[in-house]
Amino acid sequence: MNDAAPAPIPAPAPRRPARVRAPELIGKGGWLNTGGKELTLADLRGKCVVVDFWTFCCVNCLHVLDELRELEEKHRDTLVIVGVHSPKFVHEAEHQAVVDAVERYEVHHPVLDDPELATWKQYAVRAWPTLVVIDPEGYVVAQHAGEGHANAIRTLVEELEAEHGAKGTLRRGDGPYVAPEPVATDLRFPGKAILLPSGNLLVSDTTRHQLVELAADGETVVRRIGEGVFREPQGLAALPDGRIVVADTVNHSLRVFDPATGTIERVAGTGRQWWQGSATSGPALEVDLSSPWDVGWWQGRVWIAMAGVHQLWTYDPESGTVEVAAGTTNEGLVDGPAAEAWFAQPSGLSATEDRLWIADAETSALRWIDRDGHVHTAVGTGLFDFGHRDGDAGQALLQHPLGVTALPDGSVAVSDTYNHALRRYDPATGEVTTLATDLREPSGAVLVDGDIVVVESARHRLTRLRLPEEAVQVDAVAHRTRREATEVAPGRLRLDVVFQAPTGQKLDDRYGPSTRLLVSSTPPELLLGGEGTGTDLFRELDLNPEVTEGVLHVSAMAASCDDDPSNEYPACHVHQQDWGVPVKVTETGVTRLPLILAGLDA
C-alpha cells in the first residue's frame, strides 16, 4: 500500500487569447503627414505600431500626444505612431480643421482623418483617447484607454523589438512621416490677448511657444517674448501691479511677465502634470498643475481654468500658494456648491464684480461662479448636446466655446469657437444672440476703445469688430454627439472595467484601494441602481426598462507601481479614463458591458 500523497495535478497553463488581426485603417478624410500617400497596414508591416484614437477638442488626447513624444523619438527606427482623428463635434469632422489641429499641436506622425468613425468602429473604441498596439506581424497586442500608459507602452514596444528582432520580422528604418511645408505668418494659432496700459496688445502665440506684443493696430509686431521658456501658452491676466500672469499650458505652470523689464518668472507649478493623489494645495511652486488654459484676476486672487482636471484653482500672489477652488475632477455639468460642481475643460474666464464667467468647453456651456462659491449654468445642458441656436438661454446652444469676455452693459461675449462665431448672453433678459459669424475658431476677445478685438486662432490674426447694436440672423442648428449606441437589456447590467497591470508592475495598495469607479447616467432616471463611487472596477447596474436610451458616464482610475521588492522607492503610475457610453435599452441587448482601461490582446 502506498501512503505517499498523490502527486498534485498541475494547474493548466493560462490560455492565450486567439490573436486578432488588426483591421485596416480607413477614413474618408484621407491621410495627413505622409506627403500625399495613402497608407495601409501592409505598408507598416515589420514595424511596431501604436494607433492613437484622438480628437482635437479633448485635453486628455493632447496630454497623450505629449506623453508619446519621447517614445516616438527614442524608437524612431522601429515604431510608427498613427493618429486616427475621430471627431466628437461637427466642426472636428471638417478636414481643414483637422489639418489645422495637426499643425497646431505639432503632431509629427501620420494622421488618418476619419470623420465618419469608420476605423473607430472597426476597433470597437469607446473613448477618447484610446491607444492600440499592433505588433510587426499585424496583430493587436494591447489596448489602453485614457492617459498615463506611456511607460507600459514603452515596455511593450521594447519587448516586441526583442521578440521580432530575434524572429527576423522586425523592419528597421525611417517611417512614413513626411513633414508639411511651414507657413510664414506673424502669429501662429494665437490663443488669448490682453490690452496693455500702453495701448498695445499682448498675445499668446501658442504654436510658436511665445508671447507677442503688437502695436495698437493689432498687426505690427513690437517684440517677441519668452522664446524657449513657454510651451503652448494660452491665458493672460493683468495683476494689480501691472505684471501679466500667463497660463503656460503644456508646461503645467503659471509664469509672470513684467512688460516694463521683460523678465519672466515661474510662480506656480512644478512642470509636472497633476495626477489623482497629488497635492491640491500648498506652496505654489511645489504643487503640480494640469493644463492651465486661462487665468483671471478676481477677489484678490488669480483664478485658473484648470482644463486638464476639469476644475478651477486659485493662486494667491501674496502667500505664494495654490488651491482647488471648484470642481471634483469628474467631467460633466453639475451646478451647486463649488466643492461639488462638475466642469468639463474650463477654458475661458472673465471677471465682473459679482461673478466669474466660465467658458466650459466640453459641455458647450457658459457658466459662472458667484461670490458665495456657488456654480451656475447660463447656457448648456451637458457633454453631448451642442449646436448654434439663439433665443432663450434655456434652449440656446453653443459649440465648444474657449473664451468669454465681460461687456460694459453687464452682458458677456462668448468666443463660440467651433461655430466660428461671437455670441452674446444678456443676464438681464436671459437671451442669447449672435454678434458675428465667419470668425475662424475664435478663442478669446478683449475690449479696446469700445470695440472688441477677437483672437481668430485658425486665421492666425486679431480681428477688430464694432459691437453691433443688432444681432446677426443665424439659422438654428442643434446637434448631439453621435456614436453607435450599445444595445443593453433592461434590468441587471454587469459593468466591468478591464485593467491589467503592465509587465513588471502591480496594483499599488500600500495606502488603501488602488482603484476607483464612478458611475452616473444621463438622464439620471436611466439608472435605478448602481450609481455612485466605489473602489471595485466592476459594478452591477440596474437599468430602468421605461427609459429607452441614454448615456452611461463611467470614470475609472487604477494606480500601479513597479513590482521590484528590492526597490525601496518604486516608480508609480496612474491610469485613468472617463467614458460616455451611449446605450439603447432593448430586450435583446447585452447584459455585460466591458470597458478596457488597460489590457493585453484586446
Side-chain angles (χ1 to χ4, degrees), residues 59 62-74 76 100-109 150 177 179-194 196 200-215 220-239 242-274 284-295 302 304 306-308 315 317 322 443-444 455 457 460-462:
V59 71
L62 304 185
H63 290 166
V64 167
L65 285 174
D66 290 328
E67 288 178 2
L68 293 176
R69 295 190 201 281
E70 182 179 351
L71 178 72
E72 190 171 30
E73 181 61 34
K74 184 177 180 181
R76 184 169 295 279
D100 289 343
V102 167
E103 179 188 351
R104 181 196 301 263
Y105 298 116
E106 300 181 295
V107 180
H108 294 160
H109 51 249
Y177 170 68
E181 290 294 323
V183 181
T185 53
D186 287 333
L187 301 173
R188 205 69 191 161
F189 298 105
K192 310 285 185 180
I194 191 172
L196 297 173
N200 289 350
L201 290 154
L202 187 67
V203 184
S204 54
D205 195 19
T206 304
T207 298
R208 295 223 175 100
H209 313 293
Q210 60 187 348
L211 308 181
V212 176
E213 183 177 345
L214 300 176
T220 305
V221 174
V222 175
R223 57 175 166 167
R224 298 183 182 275
I225 302 150
E227 184 177 356
V229 176
F230 298 108
R231 286 185 66 203
E232 296 184 24
Q234 287 283 349
L236 307 166
L239 297 174
R243 297 182 301 157
I244 307 298
V245 62
V246 183
D248 191 6
T249 304
V250 177
N251 277 328
H252 308 295
S253 302
L254 299 188
R255 298 184 192 273
V256 167
F257 164 62
D258 188 337
T261 65
T263 59
I264 301 170
E265 64 172 322
R266 179 170 55 88
V267 296
T270 63
R272 298 184 299 270
Q273 183 183 339
W274 186 92
L285 290 170
E286 299 175 13
V287 177
D288 299 340
L289 307 181
S290 181
S291 297
W293 209 274
D294 202 5
V295 283
V302 175
I304 311 165
M306 201 73 77
Y315 162 63
V322 293
S443 57
V455 181
S457 188
H460 320 293
R461 71 186 189 190
L462 304 187

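Considering every non-hydrogen atom in both Ser204 and Pro233, the closest pair reads CB-O, 3.5 Å. Contact between Tyr315 and Val267 at its shortest, heavy atoms only, is OH-CB, 3.5 Å. For the pair Val302 and Pro317, the tightest heavy-atom approach, listed with the atom from each and the gap, is CG2-CG, 4.5 Å. Contact detail for Thr206 and Gly191: the closest heavy-atom pair is OG1-N, 3.3 Å.
Taken to the nearest 0.5 Å, the CG atom of Asp66 stands 10.5 Å off from the OH atom of Tyr105. Rounding to the nearest 0.5 Å gives a distance of 7.0 Å between CZ of Arg69 and NE2 of His108.
Listed by chain and number, the residues in a side-chain hydrogen bond (donor to acceptor under 3.5 Å, both in side chains) with Ser291 are His63 (sequence neighbours excluded). Considering only residues two or more places apart in sequence or on other chains, Glu103 meets the side-chain contact (heavy atoms from CB on, under 4.5 Å) condition with Arg188, Phe189. Every residue was checked against the side-chain hydrogen bond (donor to acceptor under 3.5 Å, both in side chains) condition with Thr207, not counting sequence neighbours, and none meets it.
When each of Leu202, Asp186, Leu187 is paired with Leu214, the side-chain contact (heavy atoms from CB on, under 4.5 Å) condition holds for Leu187 and for no other.
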Walk me through it: do Leu211 and Leu236 pass the test side-chain contact (heavy atoms from CB on, under 4.5 Å)? CA-CA 10 Å; Leu211 308 181; Leu236 307 166; 4.1 Å; yes
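In this structure, a donor-acceptor pair under 3.5 Å is absent between the side chains of Thr263 and Asp258.
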